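For reference, the structure discussed in these notes is given below.
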Protein chains: 2
Amino acid sequence: MDGPAPNIPPLLPRALRVADTLRERMLDGALADGEKINEARLAAELGVSRTPLRTALHALAAEGLLDYAPNRGFTVRDFSAELIDEAFEIRAALEGLACRFAARHGLSPDARRAAEAALAEGEAVVETNRCGADELQRYRAANVAFHETILAAAGNRQLADTLRLVLNRPGPSLRRIVAFTPIDIRRRVDDHRRILEAISTGDPWRAELLMREHVSGIRGGAAKG
Amino acid sequence: MDGPAPNIPPLLPRALRVADTLRERMLDGALADGEKINEARLAAELGVSRTPLRTALHALAAEGLLDYAPNRGFTVRDFSAELIDEAFEIRAALEGLACRFAARHGLSPDARRAAEAALAEGEAVVETNRCGADELQRYRAANVAFHETILAAAGNRQLADTLRLVLNRPGPSLRRIVAFTPIDIRRRVDDHRRILEAISTGDPWRAELLMREHVSGIRGGAAKG
DNA sequence: TCCATCGCTATTGAATACAATCTTGCCTGC
DNA sequence: GCAGGCAAGATTGTATTCAATAGCGATGGA
């Protein structure tokens with residue numbers, strides 16, 4: 001076969017691509033908060049007809065990223081600063097739950113290996129005692145891998161879906177985490193180790209609590225009570 | 001003006017009506033788990049064209065009620081028994097969070113009145129010592145009112161949205177709660193009173209814990225964790 | 001001057017028509 | 001008899017067209 005890439009699905013439907021694009025723009029802030037969406041204009045800009053665009057818009061509204069008023073169209077939802085804090089607490093609660101599930105079920109050998117690897121990578125970054133773009137990139141990847149491994153180990157698709165919706169919101173996106181001093185990273189990696197320990201020793205409630213505190217701490221503060 | 005009803009919005013868009021209908025059918029089980037959806041057939045059955053139907057389907061997929069595979073269509077997601085337990089734990093975590101937020105902010109006079117009223121109605125039902133269809137209906141209404149009041153008092157729209165998604169899933173829907181012995185109801189109303197107390201005295205963490213236990217208990221069991 | 005009403009325009013909602021993709025069964029060749 | 005591929009039908013994806021609604025300014029009256 002001389003085809004260039006046999007396993008690329010022929011082409012994702014436009015509606016999905018459009019939805020991804022719009023999500024992207026909201027994360028980038030290219031779509032301002034509260035902005036009203038004009039279907040015809042946006043469709044032209046994206047080079048598609050209104051049909052797939054409308055499909056994407058309704059899906060995003062169902063995800064909670066857009067507001068929709070019948071006969072009045074879509075507006076970009078407002079995600080201002082205090083909303084971000086709230087989103088982090090939701091995320092903390094859900095990830096804590098995932099952690100408890102994972103501890104209850106126990107880790108599969110594969111999952112354990114993946115978690116250990118992510119943890120080791122994080123610790124390796126800490127060992128460098130440096131905090132350049134390269135280290136930051138490595139840490140972020142390891143961090144995402146760790147959290148996703150736990151989420152997968154929870155074995156609860158509904159929870160994964162729910163969490164994904166929260167993470168897709170502009171505020172609490174993992175890629176938005178910016179405050180990275182070496183101390184922060186060290187602290188977080190240490191959190192990860194303790195979380196993994198609690199899961200390994202089969203202590204679901206402790207695992208949940210630790211994960212909850214960990215995620216709350218990412219946003220940068222003690223719990224507010 | 002002799003118009004019959006001036007404030008009824010002329011008619012909800014078909015897409016929204018169709019989405020509601022389909023949600024309804026999934027809750028009723030009229031759409032079986034894993035069933036593949038044929039757009040043309042379903043559209044004809046509902047008396048609409050494929051356009052609003054597809055809008056509704058994509059929205060439901062975004063909510064997590066349907067599976068969607070590009071170029072292969074939609075299938076009804078499977079919500080079997082063990083998934084319902086998991087959904088209840090998600091619901092417990094989220095409602096617990098709502099409870100904590102409500103306690104942190106404090107209740108507005110209106111919210112307090114509404115919560116007290118719902119609680120009183122529940123207690124009135126308990127006082128009857130009867131458990132017929134009528135009492136059950138009254139209790140259910142009071143129960144929903146109580147939970148919604150707290151959710152509103154939490155003042156966190158993202159949380160409300162997230163919780164709504166979970167509640168809309170076939171399993172944990174509030175209307176599906178069936179085990180209603182007088183003892184169950186008494187217990188739940190008592191839970192409500194304690195929760196309201198914790199909120200009133202400004203004890204966020206206790207409020208959260210109580211609500212979490214309360215919701216977990218609805219599904220009928222001690223936490224498994 | 002202010003308010004209500006009418007009608008025009010811009011925008012959204014839905015249906016139909018068409019294109020692309022997948023599925024299925026048959027046929028050919030081995 | 002079986003594997004592979006090809007073609008026809010079915011199903012999904014997109015564009016275009018038309019209908020319905022909301023927004024808004026003009027116009028006329030009080």
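Since the structure is predicted, the reported quantities are computational estimates derived from the model, not experimental observations. So that the names make sense, note that chain A is the first sequence line, chain B the second, and so on, each numbered from 1.
Looking at the side chain of S49(B), the nearest of the listed nucleotides dA15(C), dT14(D), dC22(C) is dA15(C). Distances were taken from every side-chain heavy atom of R14(B) (C-beta onward) to each of dT14(D), dG13(C), dA15(C); the shortest belongs to dA15(C). Side-chain atoms of R72(A) lie closest to dG23(D) of the nucleotides dA15(C), dT12(D), dG23(D). For T51(B), taking side-chain heavy atoms from C-beta onward, the closest of the listed nucleotides dT16(C), dT21(D), dT12(D) is dT16(C). Among the nucleotides dT14(D), dT11(D), dG13(C), the one closest to any side-chain atom of R54(B) is dT14(D). Between dG13(D), dT11(D), dA15(C), one nucleotide has an atom nearer to the side chain of E39(B) than all others, and that is dG13(D).
Distance, L53(B) CG to dG13(D) C1': 14 Å, rounded to whole Å. Between N71(A) atom CG and dA22(D) atom P there is a gap of 5 Å when expressed in whole angstrom units. Look at CG on L16(B): it is 13 Å from C1' on dT12(C), rounded to the nearest Å. One atom, CG of L12(B), and another, C1' of dT12(C), lie 14 Å apart when rounded to the nearest Å. Spacing between atom CG of L46(A) and atom C1' of dT14(D) amounts to 15 Å, rounded to whole angstrom units. In this structure, Y68(B) atom OH and dT21(C) atom P are separated by 13 Å, rounded to whole Å.
One finds no side-chain N or O of K36(A) lying less than 4.0 angstrom from the OP1 or OP2 phosphate oxygen of dA22(D). Proximity of N38(A) to the phosphate of dT11(C): a side-chain N or O atom is located under 4.0 Å from OP1 or OP2.
At least one side-chain heavy atom of E89(A) sits under 4.5 Å from a side-chain heavy atom of R100(B). When side chains are defined from C-beta on, F74(B) does not count as touching L60(B), because their heavy atoms never get closer than 4.5 Å. With contacts defined as side-chain heavy-atom distances shorter than 4.5 Å, the pair N143(B)/H192(B) qualifies.
Heavy atoms of F74(A) sit nowhere under 4.0 angstrom from any nucleic acid atom. I37(A) comes within 4.0 angstrom of the backbone, heavy atoms only, and of no base.
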Apply side-chain hydrogen bond (donor to acceptor under 3.5 Å, both in side chains) to S200(B) and R112(B), showing your working.
CA-CA 9 Å; S200(B) 300; R112(B) 161 170 306 282; 3.3 Å; yes

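Between P13(A) and R50(A), the one whose closest nucleotide on DNA chain D sits nearer the 5' end is P13(A).
The pair R169(B)-D161(A) fails the salt-bridge criterion, with no side-chain N (NZ, NE, NH1 or NH2) lying under 4.0 Å from an Asp/Glu carboxylate O.
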